[in-house]
Amino acid sequence: MASGHPGHDVEQLDQQSAIEVASNKLQDLIEADKLNSTWSEVKMIDSQIVRIKGRQNWIVSYLDVESNQRLE
């Protein structure tokens with residue numbers, strides 16, 4: 001998520017950019033040992049824009065079919 005204080009420019013992400021950011025964050029979490037390395041093989045299953053607390057946010061979802069775990 002990109003945000004700033006008043007006076008700062010906030011860049012809107014398109015779908016492809018949101019997916020790329022989510023993929024990079026997933027890799028960061030794996031490297032930090034906060035997620036199992038098996039998540040590096042999991043494919044994205046969905047991306048959608050939703051309104052949360054009045055703001056539009058991209059939700060990118062991954063599903064580990066073997067363990068039936070979902071990550072957003």
Side-chain angles (χ1 to χ4, degrees):
M1 175 189 278
S3 62
H5 300 285
H8 293 259
D9 293 329
V10 176
E11 181 180 333
Q12 293 281 28
L13 292 178
D14 61 16
Q15 184 176 23
Q16 188 57 41
S17 296
I19 291 168
E20 189 174 318
V21 168
S23 176
N24 291 340
K25 183 62 177 178
L26 182 66
Q27 290 304 315
D28 290 347
L29 291 170
I30 292 168
E31 290 172 11
D33 289 330
K34 293 185 178 186
L35 282 177
N36 189 308
S37 63
T38 58
W39 281 100
S40 64
E41 303 299 320
V42 174
K43 302 294 181 202
M44 184 213 47
I45 58 167
D46 187 33
S47 62
Q48 60 183 340
I49 197 161
V50 297
R51 188 169 296 279
I52 300 173
K53 295 183 180 179
R55 293 185 170 181
Q56 290 184 331
N57 294 278
W58 280 102
I59 303 293
V60 180
S61 303
Y62 298 84
L63 179 64
D64 183 347
V65 178
E66 291 184 24
S67 67
N68 199 30
Q69 291 183 319
R70 183 179 177 111
L71 179 65
E72 295 183 333

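We use all heavy atoms of the structure for the numbers below, so side chains are in, but hydrogens, waters and symmetry mates are not.
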Transitive ILVMFWY side-chain link [X] to [Y], under 4.5 Å:
| X | Y | answer |
| --- | --- | --- |
| Val21 | Leu71 | no |
| Leu13 | Ile59 | no |
| Val42 | Trp58 | no |

Over 12 non-hydrogen atoms of neighbours within 6.0 angstrom of [atom1] in [X]:
| X | atom1 | result |
| --- | --- | --- |
| Glu20 | CD | no |
| Glu66 | CD | no |
| Asn24 | CG | yes |

* If every non-hydrogen atom of Met44 is compared with every non-hydrogen atom of Ser61, which pair is closest and at what distance? ->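 Smallest interatomic distance, heavy atoms only, reads CG-O, 3.3 Å.
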Please round to the nearest 0.5 Å and tell me the distance separating atom [atom1] of [X] and atom [atom2] of [Y].
| X | Y | atom1 | atom2 | result |
| --- | --- | --- | --- | --- |
| Asn57 | Arg51 | CG | CZ | 9.5 Å |
| Leu63 | Asn68 | CG | CG | 6.0 Å |
| Gln27 | Ser37 | CD | OG | 10.0 Å |
| Asn36 | Gln69 | CG | CD | 9.0 Å |

* **Any side-chain heavy-atom pair of Val60 and Leu26 under 4.5 Å** =>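 No - every pair of side-chain heavy atoms lies 4.5 Å or more apart.
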* Asked: Do the non-hydrogen side-chain atoms of Ile45 and Arg70 ever get within less than 4.5 Å of each other?
  ->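 When only atoms from C-beta onward are counted, Arg70 and Ile45 do touch, with a gap below 4.5 Å.
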